[in-house]
Amino acid sequence: MADGNNNLSLNGNIWNIVPCNDRDVEQMQLQQNVSAPLARLLALRGIMPKQAADFLNPKLSRLMPDPCILKDMEKAASRIAEAAMKHQKIGIIGDYDVDGATSTSVLRLFLTYLGVETAVHIPEREEGYGPSTLAFQEFTEFGADLVITVDCGTSAFEVLDNAAANFEIIVLDHHEAETRLPKVYAVVNPKRLDENNNRPDLGYMAAVGVVFMTIVAVNRTLRRQGFYNETLPEPDLKHWLDLVALGTVCDVVPLLGLNRAFVAQGLKVIASRSNLGLKTLADSANITEKPDAYHLGFVLGPRINAGGRVGKASVGSRLLCSSNPLEAKQLADKLNGFNQERKDIECFVLEQSIEMLEGTPQSWPMAFVYNTGWHQGVIGIVAGKLKERYNLPAFVMSIEEDEVKGSARSIPGVDLGALIIAAKEKGVITKGGGHTMAAGFSLTEEQIPAFRDFAGEYVSRSLNNVKPHPVLNIDISLTLSAANINLYREIEQLKPFGTGNPEPLILLRGIYFQKTRIIGSGHIKCELATLSGAKLSAIAFRAADTDMGKEILSLRHDCYDVVGNLRLNSWNNQTNLQFTIIDAQKSVN
């Protein structure tokens, strides 16, 4: 239920303290011997008492199933092991995002260790997603005996069915499957419609998780075959969990079950800095502290992604597989350059989009923009930022010479996947696909007006012609004195944070702002205080020009309620507890 009335906060949000079953909290406290706040946070995440130990201390030894639980896994593992034993060449087709780069790299590093010669094809965005005729032409020249697609292939019927006449092909993927599958040697995909549902968390895996399960299965097969010896000892597969963690976080899949173990264990490997490419990229990005999921998703991931957006798609995978310090430095510098270029292009497209939307009256409750020459590599990011700015579904299109490429992002209540399917059936776009919150599509320039009206009507119906307000789902309400270092340490046990396990949102009531000042690029530094004398350092990032920021800086000495996260702040060799303010509103007595 909403907290209090439905008055909007200073940042235009509705606050909702998420309800929780008190009995579940009590059982969690008693059975797991945890505090009431931690018990509530676990219960809100749907964790039962018997699951709490694995959630708080996720280990692969407990959460990793026999890989052959997945259909076609045993068949695929046997064929890859055979290729290694017979010294056959293997072609690998990946995707141009981080999941594709890490999936390709994990497989390639493992096969290279086995002595297998590989060729990798990662398409540029202009070539399009997935397997292509060009890739198989390259593999013919290379002399590949086996081709493995990673993070793609499940729906590439025409290309793979044709190529299967000349190659044995294995698909390792995690995308939604149809009732039919490509006519290839094996398709390993936890989202196959004929998979059992005994381990639903396997369906959450990124492609790199599927690849890791595959190399576990191949490794076991080779061990049984007596492949390893003193000259070539069995590899420690955990060595590659750093890349599994990176791909899992960056593909924004739920960090639950096996994924949680992948990321938790992978972060430990990243801290050891054993992958030369990842270490070099972290150094070039000035990461000085121990990396966590934030660094993977918002610092390292965007740099690897930038190659596929505005540069050369294969650079990320080449970096992650590099064993040459000079080459690694050159590739990391390239990715940094691509990332800066991506930021500049993205800023340009975003500014033009905002001018279009705010300079013209809009007929429908959505952000719908298009232009000639906008870079395809950034339209998805821009759509996401427009969605966040206006809290409306956003459609961004780039008009190319032969077609219009589009990307869309949605809000709760508007199913983009269903919208795109209906648009294809109506004939107002030529192709497209996606899921509830994100989609990609293509159309002709002449179809844009019809698609605008179709999408606008669809969105209006979905929202019942009512402009929605964003909702902040608050995990826990506390006094300021309870927001202490002990609580922080308990919250830290919930890491890694991400999709399916967001960083807890905390509500603090009866707060006064003191010692307010602007620092950096519009950040507000202040002190939270109560009449009882409790105090806590706080910061509101990029807030100086917002309604909330102006209120904080006004020094009216009013009483407020604030929502945010409890974190540690390290600065000048000092570490202090700090509250990151996300929203505020005047207290209602």
Side-chain angles (χ1 to χ4, degrees), residues 28 32 34 38-39 41-67 98-99 102-103 105-106 174 190 199-216 236-275 278-279 282 287 289-301 304 320 475 487-504 565-568:
M28 185 73 74
Q32 295 299 319
V34 296
L38 183 56
L41 292 171
L42 287 167
L44 285 174
R45 280 149 182 74
I47 306 301
M48 303 300 291
K50 63 181 180 180
Q51 301 169 317
D54 282 337
F55 187 87
L56 295 174
N57 188 23
K59 292 185 176 295
L60 281 176
S61 57
R62 286 181 54 83
L63 293 169
M64 180 83 166
D66 182 335
V98 182
D99 191 20
T102 52
S103 298
S105 300
V106 169
H174 75 131
R199 283 291 301 267
D201 61 319
L202 300 186
Y204 303 150
M205 283 192 296
V208 71
V210 178
V211 169
F212 186 79
M213 285 188 69
T214 303
I215 69 170
V216 169
D236 181 2
L237 302 185
K238 291 182 180 179
H239 179 74
W240 292 303
L241 282 172
D242 49 3
L243 303 186
V244 179
L246 177 61
T248 299
V249 169
C250 291
D251 218 49
V252 203
V253 291
L255 298 189
L256 302 171
L258 182 56
N259 281 349
R260 188 166 168 78
F262 281 151
V263 176
Q265 300 304 314
L267 284 169
K268 296 177 183 177
V269 180
I270 290 174
S272 72
R273 295 165 63 85
S274 57
N275 182 288
L278 209 52
K279 165 186 167 300
I287 297 176
E289 64 267 49
K290 183 179 177 181
D292 60 16
Y294 168 82
H295 296 96
L296 303 191
F298 294 96
V299 182
L300 299 175
I304 293 172
L320 298 177
D475 293 272
L487 177 65
Y488 169 78
R489 288 174 180 149
E490 292 189 320
I491 290 175
E492 197 172 29
Q493 295 180 60
L494 300 175
K495 289 183 174 180
F497 298 129
T499 304
N501 180 38
E503 186 175 4
N565 309 116
L566 193 62
R567 298 173 179 168
L568 285 185

Next on the checklist: Are the side chains of D201 and L63 in contact, using a 4.5 Å heavy-atom criterion?
Outcome noted: no
Checklist entry - Got a donor-acceptor contact below 3.5 angstrom from the Q493 side chain to the F55 backbone? => result no
Item to check | Step-by-step side-chain contact (heavy atoms from CB on, under 4.5 Å) determination, K268 to K238 | outcome: CA-CA 10 Å; K268 296 177 183 177; K238 291 182 180 179; over 6 Å; no
Item to check | Under 3.5 Å: donor-acceptor pair, side chain of N501, backbone of L255 | outcome: no
Checklist entry - Can you tell me if S103 uses its side chain to pair, donor with acceptor, with the backbone of V208 under 3.5 Å? => result yes
Checklist entry - How long is the span from the CG atom in D251 to the OG1 atom in T499, to the nearest 0.5 Å? => result 9.5 Å
Checklist entry - Do you know which two heavy atoms are closest between G297 and C250, and how far apart they sit? => result CA-SG, 4.1 Å
Item to check | A43 versus M28, closest heavy-atom pair with distance | outcome: N-CE, 4.5 Å
Item to check | N275 (side chain) donor-acceptor with D242 (main chain) under 3.5 angstrom | outcome: no
Checklist entry - Distance from M205 atom CE to L202 atom CG, nearest 0.5 Å? => result 5.0 Å
Item to check | Heavy-atom closest pair, residues A293 and F497 | outcome: CB-O, 3.6 Å
Item to check | Sub-4.5 Å side-chain heavy-atom contact between S274 and V269 | outcome: yes
Checklist outcome for this item: One should read off an interatomic distance between L300 CG and L320 CG, to the nearest 0.5 angstrom, of 9.5 Å
Item to check | Between CG on residue L568 and CD on residue E492, distance to nearest 0.5 Å | outcome: 6.5 Å
Checklist entry - Any side-chain heavy atom of S105 sitting closer than 4.5 Å to one from T102? => result no
Item to check | Minimum heavy-atom distance between A264 and P58, given as atom pair plus value | outcome: CB-CG, 3.7 Å
Next on the checklist: With side-chain contact (heavy atoms from CB on, under 4.5 Å) as the criterion, how do V253 and T248 come out once you've worked through the C-alpha distance, each side chain's angles and the decisive distance to 0.1 Å?
Outcome noted: CA-CA 6 Å; V253 291; T248 299; 3.7 Å; yes
Next on the checklist: Between R45 (side chain only) and L41 (backbone N and O only), is there a donor and an acceptor less than 3.5 Å apart?
Outcome noted: yes
Checklist entry - Are M213 and L258 close enough, and set up right, to give a side-chain contact (heavy atoms from CB on, under 4.5 Å), and what steps lead you there? => result CA-CA 11 Å; M213 285 188 69; L258 182 56; 4.2 Å; yes
Item to check | Donor-acceptor contact present, side-chain R260 to main-chain K495, <3.5 Å | outcome: yes
Checklist outcome for this item: Tightest non-hydrogen contact, residues I270 and P291, listed as CG2-CG, 3.8 Å
Checklist entry - For R567 and Y488, which heavy atoms make the closest approach, and how far apart are they? => result CA-CE1, 3.8 Å
Item to check | Steps toward side-chain contact (heavy atoms from CB on, under 4.5 Å) verdict (V34, E490) | outcome: CA-CA 9 Å; V34 296; E490 292 189 320; 5.7 Å; no
Next on the checklist: Treating D292 as the side-chain partner and Y294 as the backbone partner, does any N or O pair qualify as donor plus acceptor under 3.5 Å?
Outcome noted: yes
Next on the checklist: Measuring from atom CG of L56 to atom CG of L494, what distance do you get when rounded to the nearest 0.5 angstrom?
Outcome noted: 6.5 Å
Checklist outcome for this item: The reported gap from CD1 in I304 to CG in L278 (rounded to nearest 0.5 angstrom) is 6.5 Å
